[in-house]
Peer 1: 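Quick one: this structure, given as structure tokens, is what I'll be asking you about.
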Amino acid sequence: PVRRKSITLNHTGTHMLHKALMMILGNHVQQRGSLVDDEKIRFDFSHHQSLSPTEIREIESIVNQKIEENIDVQTSIMKHDDAIHSGAMALFGEKYGDDVRVLDVGDFSKELCGGTHVSATGEINKFMITQDKAIASGVRRVHALTGEHVAAHIQNEMDIINQLKEASQKREAETLPNHAAQF
């Protein structure tokens, strides 16, 4: 149950990430692949350059704001053409049947998706991008975290910073001349 819940958080988080990427980077952003598991989101998308720190903060801010708004998440079954006409986004190149499942994150995001999702965005709790890299010409890959994985990642980063700080202080203490011995 815990693993499935984490996958659910990450799956809805993926849709929210996609919409935020489009809002910040432009409508040329299209999903090129993704992996959703119980630990992370991996999202591949079309874009020609790395994300700036400002863009990453803006994307995170949009997703976290929508999480805080605790938007109801609805799924419905619709005819494919009706879903597309209603504004639902379909993945380029995906094959869909006559009836499709539509995921609505309020007025924020609407996509065709058969996966499992939260009932309200507040369940996600937190969202954080941890990596952005190129994987092909014109294709970027973003890694992100949701829920308790955000706090664990931040704690791990703080532990590393503290270890580096301690090592630096130790090196400094070892290299300083011992003034007491000179007198």
Side-chain angles (χ1 to χ4, degrees), residues 1-26 28-29 31-71 105 108-109 115-118 120-183:
V2 172
R3 183 176 184 276
R4 182 172 174 82
K5 180 67 174 173
S6 290
I7 291 169
T8 298
L9 301 178
N10 287 340
H11 199 163
T12 304
T14 299
H15 290 278
M16 296 171 70
L17 167 62
H18 188 191
K19 178 63 176 187
L21 284 165
M22 291 174 65
M23 290 171 70
I24 297 302
L25 303 177
H28 68 279
V29 169
Q31 182 175 347
R32 294 292 185 224
S34 70
L35 169 77
V36 176
D37 63 25
D38 60 327
E39 293 183 9
K40 68 185 171 308
I41 295 168
R42 187 184 78 198
F43 189 78
D44 302 342
F45 62 99
S46 54
H47 190 58
H48 54 279
Q49 64 188 35
S50 62
L51 302 180
S52 73
T54 300
E55 288 168 333
I56 290 172
R57 280 192 303 276
E58 290 173 345
I59 293 161
E60 289 174 335
S61 179
I62 288 169
V63 174
N64 282 308
Q65 176 62 42
K66 296 303 176 184
I67 289 169
E68 287 176 24
E69 290 176 19
N70 200 27
I71 301 167
V105 181
F108 181 63
S109 173
T116 181
H117 294 279
V118 299
T121 59
E123 294 175 43
I124 298 170
N125 189 17
K126 288 290 178 203
F127 173 87
M128 177 185 206
I129 294 173
T130 58
Q131 185 180 42
D132 163 52
K133 65 181 180 179
I135 60 165
S137 179
V139 180
R140 307 290 309 167
R141 173 170 288 166
V142 167
H143 288 244
L145 303 171
T146 63
E148 80 234 10
H149 295 289
V150 172
H153 177 77
I154 291 170
Q155 184 60 56
N156 186 52
E157 294 292 309
M158 292 303 298
D159 291 346
I160 291 169
I161 289 168
N162 287 332
Q163 289 170 1
L164 291 171
K165 194 167 143 184
E166 288 172 14
S168 177
Q169 289 170 344
K170 185 178 178 186
R171 263 194 316 277
E172 251 181 56
E174 291 171 353
T175 59
L176 286 177
N178 188 343
H179 293 295
Q182 294 175 355
F183 295 102

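Numbers here are sequence positions counted from 1. The analysis underlying the following values was restricted to heavy atoms, covering all of them including side chains, and did not include hydrogens, waters or symmetry mates.
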Peer 1: Show which side-chain atoms of residues 156-164 pair as donor or acceptor with protein atoms under 3.5 Å away, not counting sequence neighbours.
Peer 2:
{"residue": "Asp159", "atom": "OD1", "partner": "Gln155", "partner atom": "NE2", "Å": "2.8"}
{"residue": "Asn162", "atom": "ND2", "partner": "Met158", "partner atom": "O", "Å": "3.3"}

Peer 1: Looking at CZ of Arg141 and CG of Asp132, how far apart are the two atoms once the value is rounded to the nearest 0.5 Å?
Peer 2: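 Output value for this atom pair is 11.5 Å.
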Peer 1: If every non-hydrogen atom of Phe127 is compared with every non-hydrogen atom of Gly13, which pair is closest and at what distance?
Peer 2: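 Closest approach of Phe127 to Gly13: CE1-O, 4.3 Å.
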Peer 1: Which value, rounded to the nearest 0.5 Å, describes the distance between Asn10 atom CG and Met16 atom CE?
Peer 2: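 So the gap between those two atoms works out to 12.0 Å.
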Peer 1: Hey, does Arg4 have a side-chain heavy atom less than 4.5 Å from the side chain of Thr116?
Peer 2: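 Thr116 vs Arg4: side chains touch.
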Peer 1: Would a distance-only check, ignoring hydrogens and angles, find a side-chain to backbone donor-acceptor pair under 3.5 Å from Asp38 to Arg3?
Peer 2: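 Not a single qualifying donor-acceptor pair exists.
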Peer 1: Between Thr12 and Val118 (side chain of the first, backbone of the second, donor and acceptor by atom type, cut-off under 3.5 Å), is there such a pair?
Peer 2: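 The answer is yes, because a donor-acceptor pair under 3.5 Å joins these two groups.
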Peer 1: Just do the side-chain contact (heavy atoms from CB on, under 4.5 Å) check on Glu58 and Met23 with the steps written out, would you?
Peer 2: CA-CA 10 Å; Glu58 290 173 345; Met23 290 171 70; over 6 Å; no
Peer 1: Looking at Val63, Ile129, Ile59, which hits side chain to side chain contact (heavy atoms under 4.5 Å, CB included) with Leu21?
Peer 2: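 Of the listed options, the one satisfying the test is Ile59.
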Peer 1: Check the pair Lys126 / Leu145 against side-chain contact (heavy atoms from CB on, under 4.5 Å), numbers first and verdict last.
Peer 2: CA-CA 8 Å; Lys126 288 290 178 203; Leu145 303 171; over 6 Å; no
Peer 1: Compare all side-chain heavy atoms of Lys19 with those of Val105 and state whether any distance is below 4.5 angstrom.
Peer 2: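 No; the side chains remain at least 4.5 Å from each other.
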Peer 1: Which heavy-atom pair separates Asn70 from Ala120 by the least distance, and what is that distance?
Peer 2: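 Closest heavy-atom pair between Asn70 and Ala120: OD1-CB, 3.2 Å.
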Peer 1: Could you tell me if the side chain of Glu123 sits less than 4.5 Å from the side chain of Thr8, heavy atoms only?
Peer 2: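 No, side chains not in contact.
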Peer 1: Report the C-alpha separation of His11 and His15 in whole Å, then their side-chain angles, then the decisive distance to 0.1 Å, and conclude whether the ring-ring contact (aromatic ring centres under 6.0 Å, His included) test is met.
Peer 2: CA-CA 7 Å; His11 199 163; His15 290 278; 5.4 Å; yes
Peer 1: Please name the pair of heavy atoms, one in Ala20 and one in Phe108, separated by the smallest distance, quoted to 0.1 Å.
Peer 2: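 For Ala20 and Phe108, the tightest heavy-atom pair comes out as N-CZ, 4.2 Å.
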Peer 1: Please evaluate residues Glu148 and Asn125 with respect to the criterion side-chain contact (heavy atoms from CB on, under 4.5 Å), reporting the C-alpha separation (whole Å), side-chain torsions for both, the decisive distance (0.1 Å), and the verdict.
Peer 2: CA-CA 8 Å; Glu148 80 234 10; Asn125 189 17; over 6 Å; no
Peer 1: In Å, rounded to the nearest 0.5 Å, how long is the span from OG of Ser46 to CD of Gln31?
Peer 2: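 CD of Gln31 is found 10.0 Å from OG of Ser46.
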Peer 1: Report the relative orientation of the aromatic rings in His47 and His28; use parallel for angles under 30°, tilted for 30 to 60°, perpendicular for over 60°.
Peer 2: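 His47 and His28: parallel rings.
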Peer 1: Could you give me the CA-CA distance, side-chain angles and deciding distance for Val29 and Ile24, then say whether side-chain contact (heavy atoms from CB on, under 4.5 Å) is met?
Peer 2: CA-CA 10 Å; Val29 169; Ile24 297 302; over 6 Å; no
Peer 1: Answer yes when Glu174 and Arg171 have at least one side-chain N-carboxylate O distance shorter than 4.0 Å, and no when they do not.
Peer 2: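 Salt bridge flag = no for Arg171 with Glu174.
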Peer 1: At their closest point, which heavy atom of Gly147 faces which heavy atom of Leu9, and how far apart are they?
Peer 2: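 So the two residues come closest at CA-CD1, 4.4 Å.
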Peer 1: How many angstroms lie between atom CD of Glu172 and atom NZ of Lys170, to the nearest 0.5 angstrom?
Peer 2: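 Spacing of CD (Glu172) from NZ (Lys170) equals 14.0 Å.
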Peer 1: Answer whether the closest heavy-atom distance between the side chains of Leu51 and Arg140 falls below 4.5 Å.
Peer 2: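 The answer is no; the side chains never approach within 4.5 Å.
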Peer 1: Kindly compute the distance separating CD1 (Ile7) from OG1 (Thr14), expressed to the nearest 0.5 Å.
Peer 2: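 Separation between the atoms: 11.0 Å.
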Peer 1: Rounded to the nearest 0.5 Å, what's the gap from NZ on Lys40 to CG on Leu35? Could you check?
Peer 2: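 Rounded to the nearest 0.5 Å, the NZ-CG separation comes out at 5.5 Å.
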Peer 1: Does any non-hydrogen side-chain atom of Phe45 lie less than 4.5 Å from one of Leu17?
Peer 2: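 Not in contact.
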Peer 1: Counting only N and O atoms by type, is there a donor-acceptor contact under 3.5 Å from the side chain of Thr121 to the main-chain atoms of Lys66?
Peer 2: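 A pair under 3.5 Å: yes.
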